[in-house]
*Asks:* 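Starting off with a structure, shown below.
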Amino acid sequence: MTNLFEYAPAPESRAVVDIAPSYGLFIDGEFTEGSGEDRNKTLSPATEEVLAEYVQANEEDVDRAVRAARKAFEKWSALPGAERAKYLFRIARIIQERSRELAVLETLDNGKPIRETRDADLPLVAAHFFYYAGWADKLGHAGFGPEPKPLGVAGQVIPWNFPLLMLAWKVAPALATGNTVVLKPAETTPLSALFFADICRQAGLPKGVVNIVTGDGRTGAALVGHPGIDKVAFTGSTAVGKAIARQVAGTSKRVTLELGGKGANIVFDDAPIDQAVEGIVNGIFFNQGQVCCAGSRLLVQESIEEELLDALKRRLGTLRLGDPLDKNTDIGAINSAEQLARITALARTGEAEGAERWTAPCELPSAGYWFAPTLFTGVTQAHTVARDEIFGPVLSVLTFRTPDEAVAKANNSQYGLSAGIWTEKGSRILAVANKLRAGVVWANTFNKFDPTSPFGGFKESGFGREGGRHGLEAYLDV
């Protein structure tokens, strides 16, 4: 993109990661081949090169993993909380020690910039294991009764946008509360979960406590439908979440779903413009907008719309799109060809419906999956780009005149995951936040996460909470 200064390339070395040409399943503490012949390939989104092959797990493989987890549950759940905590602390420390390796691996497999995996993802992954390690021997004081019990075997299905972080959000509280786990990573980003399996072995975690089965939606459906699963935790699209809810209806399985979003980022006329612009950029262009809680709807007070958009366009002109392993890169690759096609189709729909498109000036690489940061103005609540989750670097801009109108427009969505408020008045922040139907509301910031804080949504954004003390409840029989 257009820059005032030229930046010399600053690539992170790939040499810190040793990716094997082929990976098996991690069941009962060992890597093992699948019972079928099917294998999939995982690609680097930035170059389209094949990184590795991995097993497409079938129902027989899932059954082996669930049986291993069930067998391990007896001893793991019987351990004193302080003993389970030792393993979680050990895992957290190993993640810190191997953070550079894991950051490079995540960037290669996912396509997001190295400065995000290095400075955001990996510190949060370690922090979640440290945090829940601290809870393991204090469950009787968490407010869920004097002796809360684990549920049993947790079947966990995670998405491709934050592969290792979503693993940590699910595995850490499950293990702290005495459950065992069968986890399925996304089919486009299996590598960090497979590396985590090696970390479990390195930490001396008892066999069968964590099992990793790779594959596409068929593997996920087999895991969710397995009668030996006591708890289902899913993060992903609303459509798949609805299918899972239907699949487990009428069973005794507990379920938490963290699904899609169409977050409103509300900027009032007294907001500091430069700070708000940075928050808007972080809200929608972090991880190329492939974030369920992204601030994909900008609601700006009418009187400052022109000034804010001018400043925002200037800022977008300074973002650097390109090699995700370059430490100067702001915008990395879209995760897959399928996701790029969806983003492209929805952007074309926005133009066809009459919204005005502005795309940041930049040169896209010839290989890989790329989409330049894009704004739509002249958007109404009837436009598809204002209603549907695009899951890409596309921002829809709407205006409002009064706080009540801002709240009404923000809540006019089938989703309810996140929102942001930008104003210098603390009283306005509190008043507006209390009226928003969103699980997380940020004030004068956006996309700030902490393991002590619960995260989850309303309406079609799912139910249940992950993180914080609230995140323990999903894995306890209370």
*Asks:* Parallel, tilted or perpendicular for F89 and F130, by the 30°/60° rule?
*Replies:* tilted
*Asks:* Classify the side-chain pair N265/W422 by whether it contains a donor and acceptor separated by less than 3.5 Å.
*Replies:*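 Yes, W422 and N265 have a side-chain donor paired with an acceptor closer than 3.5 Å.
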*Asks:* A side-chain contact here means heavy atoms from C-beta on lying under 4.5 Å apart; do D121 and L164 qualify?
*Replies:* no
*Asks:* Are any side-chain N or O atoms of K184 and backbone N or O atoms of I158, one a donor and one an acceptor, separated by less than 3.5 Å?
*Replies:* no
*Asks:* Test side chain to side chain donor-acceptor pair (under 3.5 Å) on S303 and Q301; report intermediate values, then the result.
*Replies:* CA-CA 6 Å; S303 59; Q301 198 149 15; 5.4 Å; no
*Asks:* So do L259 and F234 actually touch side chain to side chain, heavy atoms under 4.5 Å?
*Replies:*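 They are in contact (side-chain heavy atoms under 4.5 Å apart), so the answer is yes.
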*Asks:* Do the non-hydrogen side-chain atoms of L183 and V213 ever get within less than 4.5 Å of each other?
*Replies:* no
*Asks:* Side chain to side chain donor-acceptor pair (under 3.5 Å), that's the test. Do D450 and T452 meet it? Break it down for me.
*Replies:* CA-CA 5 Å; D450 191 281; T452 65; 2.6 Å; yes
*Asks:* Taking only residues two or more places apart in sequence, or in another chain, which ones meet F129 in a ring pair (Phe, Tyr, Trp, His ring centres under 6.0 Å)?
*Replies:*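 Here the qualifying residues are F196.
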*Asks:* Would you call E106 and K112 a salt bridge, using N to O less than 4.0 angstrom?
*Replies:*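 Salt bridge absent between E106 and K112.
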*Asks:* Is R342 paired with E338 through a side-chain N to carboxylate O contact shorter than 4.0 Å?
*Replies:* no
*Asks:* Whether R90 engages the ring of Y87 as a cation-pi pair (distance to the six-membered ring centre under 6.0 angstrom, angle to the ring normal within 45°) should be assessed.
*Replies:* yes
*Asks:* Report yes if some heavy atom in the side chain of D109 is under 4.5 Å from a heavy atom in the side chain of T42; otherwise report no.
*Replies:*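 They are in side-chain contact.
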*Asks:* First locate atom NZ of K262, then atom CZ of R387, and finally report the distance between them rounded to the nearest 0.5 Å.
*Replies:* 10.0 Å
*Asks:* Charged N to carboxylate O below 4.0 Å: is that the case for E12 and R100?
*Replies:* yes
*Asks:* Taking the side chain as every heavy atom from C-beta outward, state whether P190 and F195 have any pair of such atoms under 4.5 Å apart.
*Replies:*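 Contact flag for P190/F195 side chains = no.
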*Asks:* Answer yes or no: are there more than 12 heavy-atom neighbours, outside H470 itself, under 6.0 Å from its atom NE2?
*Replies:*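 At most 12 heavy atoms, drawn from other residues, nucleotides or ligands, come within 6.0 Å of this atom.
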*Asks:* Does a side-chain heavy-atom distance below 4.5 Å link V248 with V224?
*Replies:*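 V248 vs V224: side chains touch.
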*Asks:* Identify, with sequence neighbours excluded, every residue that meets ring pair (Phe, Tyr, Trp, His ring centres under 6.0 Å) alongside F391.
*Replies:* W160
*Asks:* Would you find more than 12 non-hydrogen atoms of other residues, nucleotides or ligands less than 6.0 Å from R437 atom CZ?
*Replies:* no
*Asks:* Quick test of your reading of the model: are R315 and E278 salt-bridged, counting only N-O distances below 4.0 Å?
*Replies:*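 Looking at R315 and E278, the cut-off is met.
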*Asks:* Any chance the side chains of N179 and T177 put a donor and an acceptor closer than 3.5 Å?
*Replies:*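 Short answer, yes.
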*Asks:* Please tell me whether T117 and T107 have a donor and an acceptor in their side chains that are separated by less than 3.5 angstrom.
*Replies:* yes
*Asks:* With distance as the sole criterion, is a donor-acceptor pair present between the side chains of N335 and T188 under 3.5 Å?
*Replies:*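 Yes.
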*Asks:* Where does the angle between the aromatic ring planes of F446 and W442 fall among parallel (under 30°), tilted (30 to 60°) and perpendicular (over 60°)?
*Replies:* tilted
*Asks:* With a 6.0 Å cut-off (strictly less than), is the heavy-atom count around NZ of K138, excluding the residue itself, greater than 12?
*Replies:* yes
*Asks:* Start with the C-alpha distance between I244 and V232, add both sets of side-chain angles, then the distance that settles side-chain contact (heavy atoms from CB on, under 4.5 Å), and finish with yes or no.
*Replies:* CA-CA 9 Å; I244 288 173; V232 175; 4.0 Å; yes
*Asks:* To the nearest 0.5 Å, how far apart are OG1 in T256 and NZ in K231?
*Replies:*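 Here the rounded value is 3.0 Å.
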*Asks:* Stepwise, does the ring-ring contact (aromatic ring centres under 6.0 Å, His included) test hold for F400 with F268?
*Replies:* CA-CA 9 Å; F400 66 90; F268 287 95; 5.3 Å; yes
*Asks:* I343 and G392: which non-hydrogen atoms are nearest, and at how many Å?
*Replies:*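 Looking at all heavy atoms of both residues, the closest pair is CD1-CA, 3.6 Å.
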*Asks:* How about T423 and D270: does a side-chain donor come under 3.5 Å of a side-chain acceptor?
*Replies:*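 D270 and T423 do have a side-chain donor-acceptor pair below 3.5 Å.
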*Asks:* Any chance you could measure L257, atom CG, to E466, atom CD, to the nearest 0.5 Å?
*Replies:*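 Between L257 CG and E466 CD, I get 10.0 Å after rounding to 0.5 Å.
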*Asks:* Below 4.5 Å, heavy atoms only, C-beta onward: do I114 and V104 meet side chain to side chain?
*Replies:*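 Yes; the side chains approach each other to less than 4.5 Å.
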*Asks:* Whether K242 and E460 form a salt bridge (side-chain N of Lys/Arg under 4.0 Å from carboxylate O of Asp/Glu) is what I want to check.
*Replies:* yes
*Asks:* What do the steps show when you test E49 against S44 for side chain to side chain donor-acceptor pair (under 3.5 Å), and what is the final call?
*Replies:* CA-CA 5 Å; E49 68 174 296; S44 167; 4.6 Å; no
*Asks:* Under 3.5 Å, is there a donor-acceptor pair between the R98 and Q202 side chains?
*Replies:* yes
*Asks:* Quick check for you: to the nearest 0.5 Å, what is the distance between C362 atom SG and L321 atom CG?
*Replies:* 5.0 Å
*Asks:* Quick one, T445 and K448 - any side-chain contact, counting heavy atoms below 4.5 Å?
*Replies:*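 The answer is yes; the side chains approach within 4.5 Å.
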*Asks:* List the atom of A142, the atom of L472, and the distance in Å for their closest heavy-atom pair.
*Replies:* CB-CD1, 4.1 Å
*Asks:* Rounded to the nearest 0.5 Å, what separates atom CD1 in I266 from atom CG in L298?
*Replies:* 10.0 Å
*Asks:* Check whether NZ of the Lys or CZ of the Arg R320 lies under 6.0 Å from the centre of the six-membered ring of F285 and within 45 degrees of that ring's axis.
*Replies:* no
*Asks:* Examine the side chains of T384 and T349 and answer whether a donor and an acceptor come within less than 3.5 Å of each other.
*Replies:*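 Looking only at side-chain atoms, T349 and T384 do not form any donor-acceptor pair under 3.5 Å.
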*Asks:* Do E305 and T399 pair up side chain to side chain, a donor and an acceptor below 3.5 Å, judged on atom types alone?
*Replies:* no
*Asks:* Would you call R401 and D269 a salt bridge, using N to O less than 4.0 angstrom?
*Replies:*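 No, this pair does not count.
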